[in-house]
Engineer: 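Sharing a structure here in structure tokens format.
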Amino acid sequence: MDLNNLTIKKFHEGLLKKEFSAVEIAESFFDFIKTKDPEIKAYLSLGKDEALSQAKKVDAALAKGQDLGILAGVPLAVKDNILIEGQPATAASKILENYQAAYDATVIKRLKSAGAVFLGKTNMDEFAMGSSTENSAFQITRNPADLERVPGGSSGGSAAAVAAGMAVAALGSDTGGSIRQPAGFCGVVGLKPTYGAVSRYGLIAMASSLDQIGPIAKTVEDAAIIFNAIKGKDDLDSTSVDLNKFQDSRFKIQDSKNLTIGLPEEYFIEGLTKEVAEAIDEAIKNLKSLGFKFKKISLPHTKYALSCYYVIMPAEASANLARYDGIRYAQIENLKLETKNLKDIYFNQRSGGFGKEIKRRIILGNFVLSSGYYDDYYLKAQKVRTLIKKDFDKAFEEADVILTPVSPTPAFKIGEKTENPLAMYLSDIFTIPVNLAGLPAVSMPVRKHQASSVKRQNELPVGFQLIGRHFRETDILETGRMYEKMING
Ligand code: GLN
């Protein structure tokens, strides 16, 4: 079985035709991970026993002639900030290295009841803060397309696992681009759902008004299958909604000539590398040949998005991270510092447990929320956030879907940006406005899915991003699906 090109759909068909069993496939994945992952380092932990017992259940159900859903037996990888009961959930932080999840996240519960198999937990930037997965406290993940380069972040482990054929698909989380940017860097598909489309219950919170869980997959079709399984109202997350209320059929996607794609002038800026600019032109040309109409649009407040994000996100993150006191989620051992009282515990655990980037953002968050600065920074950023959202509302009066690059450059070299946080922050310049506005967006490869064996020489994957109206994931997924059908044949 060619694990590299195994999609959910192919897996499902093969399983029903008895070409293989769910257990056989799960075992082949674990064997492959054993040989491949020492080089990529996508996984932080594996859940082999549970995975095999879930796969066995699927095989037994099939043998009994029961109907199997499309996700039954499908081997998935899960970012290490999403809880699976009884498994580690470190968020790639030392402060959680001994923590085991006490319950399932809602997305996990839903996927389990669909019969999915979880291979393991994937590496990420600590607490999802970063764009390269280099901020993990445990290991550096490599881009399967070029081992000298980063896989992007913060869901870099999930994207690399899918791109290297070490999982059929994966879950990631996206606060400012963490699903879309690594998907772009690794040549796979990543969907950031509308804020509220997917429950955040059981996701280790970074910035609660921006975070969303979403799929990383080999095809748009697979991403849509996972999205459909995890979406919808959940009583355990009051911000989650029933999506069906929002689907309207104002235009028929099949008739792509009715659909207008907007190109925001602010996204085609200096700093976009030649490779990315050329790839985006190619994507536009391909979509034009499918009959889509294009229109220039403007999102005038784009230039404030990054600064606005780096006020709101640290403010929320500093509040969310206050719960890690070194007591509640298991202690870090061997800190070798003397603890005489409670304050010492907090101090030692937090200073020894959090990495540099986390501390930087906690300090930033406390600063913008402190009295005297709150109005000048935090409140002002909230107002700018509203202006950014209004830009999109206006743009969607002229266009149905918006197309942009995913990031200004393809995957950069390991170590290239670690000393310069601002340069690192810039790699999310095209993804962050989407989170601020709470919109859905998918990032997908411009060129045919590049299994490592057929990859063009020296060519790094480049992705493009399709942004849709609130709760209209269908629009971008259908557009993406037409594109993918055309390039993959
Ligand atoms: N790279 C961005 C950050 O560091 C986005 C992270 C994310 O989406 N989780 O904040």
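Side-chain atoms are counted along with the backbone in the values below, which use heavy atoms only and exclude waters and symmetry mates. Atoms within each ligand, like the ligands themselves, are counted from 1 in listed order. As the structure is a prediction and not an experimental result, all values here were calculated from the model.
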Engineer: Which atom pair, heavy atoms only, marks the closest approach of Asn228 to Lys231?
Structural biologist: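 Closest approach of Asn228 to Lys231: OD1-NZ, 3.0 Å.
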Engineer: Can you list the ligand 1 atoms lying under 4.0 Å from a non-hydrogen atom of Met206?
Structural biologist: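 Listed by number with element, the hits are 9 (N), 10 (O).
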Engineer: Can you check whether Pro314's main-chain N or O pairs, donor with acceptor, with Arg361's side chain at less than 3.5 Å?
Structural biologist: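 Pair absent, no side-chain N/O of Arg361 close to backbone of Pro314.
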Engineer: What pairs of donor and acceptor atoms, side-chain ones from residues 367-382 against any protein atom, are under 3.5 angstrom apart with sequence neighbours left out?
Structural biologist:
residue, atom, partner, partner atom, Å
Ser370, OG, Phe367, O, 2.6
Tyr378, OH, Gln382, NE2, 2.8

Engineer: Can you give the donor-acceptor pairs under 3.5 Å from side chains of residues 190-204 to other protein atoms, not counting sequence neighbours?
Structural biologist:
residue, atom, partner, partner atom, Å
Lys192, NZ, Leu439, O, 2.8
Thr194, OG1, Phe471, N, 2.8
Thr194, OG1, Glu473, OE1, 3.3
Thr194, OG1, Glu473, OE2, 2.7
Tyr195, OH, Arg200, NH2, 2.9
Tyr195, OH, Ser208, O, 2.7
Ser199, OG, Tyr201, N, 3.1
Ser199, OG, Asp234, OD2, 2.6
Arg200, NH1, Ser208, O, 3.4
Arg200, NH2, Thr239, OG1, 2.9

Engineer: Counting each atom of ligand 1 from 1 as listed, which ones have a heavy atom of Tyr309 under 4.0 Å away?
Structural biologist: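 Ligand 1 atoms under the 4.0 Å threshold to Tyr309: 2 (C), 3 (C), 5 (C), 6 (C), 10 (O).
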Engineer: Examine the proximity of ligand 1 to Thr175 and report which part, side chain or backbone, both or neither, has a heavy atom under 4.0 Å away.
Structural biologist: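 The answer is both, backbone and side chain.
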Engineer: Considering the heavy atoms of Ser154, write down every atom of ligand 1 situated less than 4.0 Å from one of them.
Structural biologist: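 Counting atoms of ligand 1 from 1, those under 4.0 Å from Ser154 are 9 (N).
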Engineer: Counting heavy atoms only, which of Arg361, Met124, Gln181, Glu357 is nearest atom 4 (O) of ligand 1?
Structural biologist: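 Considering heavy atoms of Arg361, Met124, Gln181, Glu357, the nearest to atom 4 (O) of ligand 1 sits in Arg361.
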Engineer: Counting non-hydrogen protein atoms only, what is the nearest one to atom 1 (N) of ligand 1? Give residue, atom name and distance.
Structural biologist: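 For this ligand atom, the closest protein heavy atom is Asp428 OD2, 2.5 Å.
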Engineer: For Tyr310, counting its heavy atoms only, list the atoms of ligand 1 lying under 4.0 Å from any of them.
Structural biologist: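 Close to Tyr310: 2 (C), 3 (C), 4 (O), 10 (O).
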Engineer: Geometry only, no angles: is Gly177 polar-contacting ligand 1 at N/O separations under 3.5 Å?
Structural biologist: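 Checking ligand 1 against Gly177, an N or O pair does fall under 3.5 Å apart.
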Engineer: Side chain of Asn98, backbone of Gln331: donor and acceptor closer than 3.5 Å?
Structural biologist: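 Yes; judged by distance alone, with no hydrogens or angles, the pair exists.
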Engineer: What atoms in ligand 1 come closer than 4.0 Å to a heavy atom of Met129?
Structural biologist: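 Answer, ordered by atom number: 4 (O).
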Engineer: Do Ser427 and Ser407 pair up side chain to side chain, a donor and an acceptor below 3.5 Å, judged on atom types alone?
Structural biologist: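 Distance-only check fails for Ser427 and Ser407.
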Engineer: Taking N or O atoms only and a 3.5 Å limit, does Gly130 qualify as a polar contact for ligand 1?
Structural biologist: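 For ligand 1, there is an N or O atom that lies under 3.5 Å from one belonging to Gly130.
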Engineer: Report the C-alpha separation of Phe127 and Tyr324 in whole Å, then their side-chain angles, then the decisive distance to 0.1 Å, and conclude whether the ring pair (Phe, Tyr, Trp, His ring centres under 6.0 Å) test is met.
Structural biologist: CA-CA 12 Å; Phe127 286 107; Tyr324 303 103; 5.0 Å; yes
Engineer: Looking at ligand 1, does any of its N/O atoms fall within less than 3.5 Å of an N/O of Ala128?
Structural biologist: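 So ligand 1 has an N or O lying under 3.5 Å from an N or O of Ala128.
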Engineer: Counting each atom of ligand 1 from 1 as listed, which ones have a heavy atom of Gly176 under 4.0 Å away?
Structural biologist: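 Selected atoms, number and element: 5 (C), 7 (C), 8 (O).
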Engineer: Looking only at distance, does Ser178 have an N or O less than 3.5 Å from an N or O of ligand 1?
Structural biologist: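 By distance alone, the answer is yes.
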Engineer: For the atom pair CZ (Phe430) and CZ (Arg180), what is the distance rounded to the nearest 0.5 Å?
Structural biologist: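 Rounded to the nearest 0.5 Å, the CZ-CZ separation comes to 12.5 Å.
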Engineer: Closer than 3.5 angstrom, by distance alone: can the side chain of Asp174 be matched with the main-chain N or O of Gln212 as a donor-acceptor pair?
Structural biologist: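 Judged by distance alone, no pair lies under 3.5 Å.
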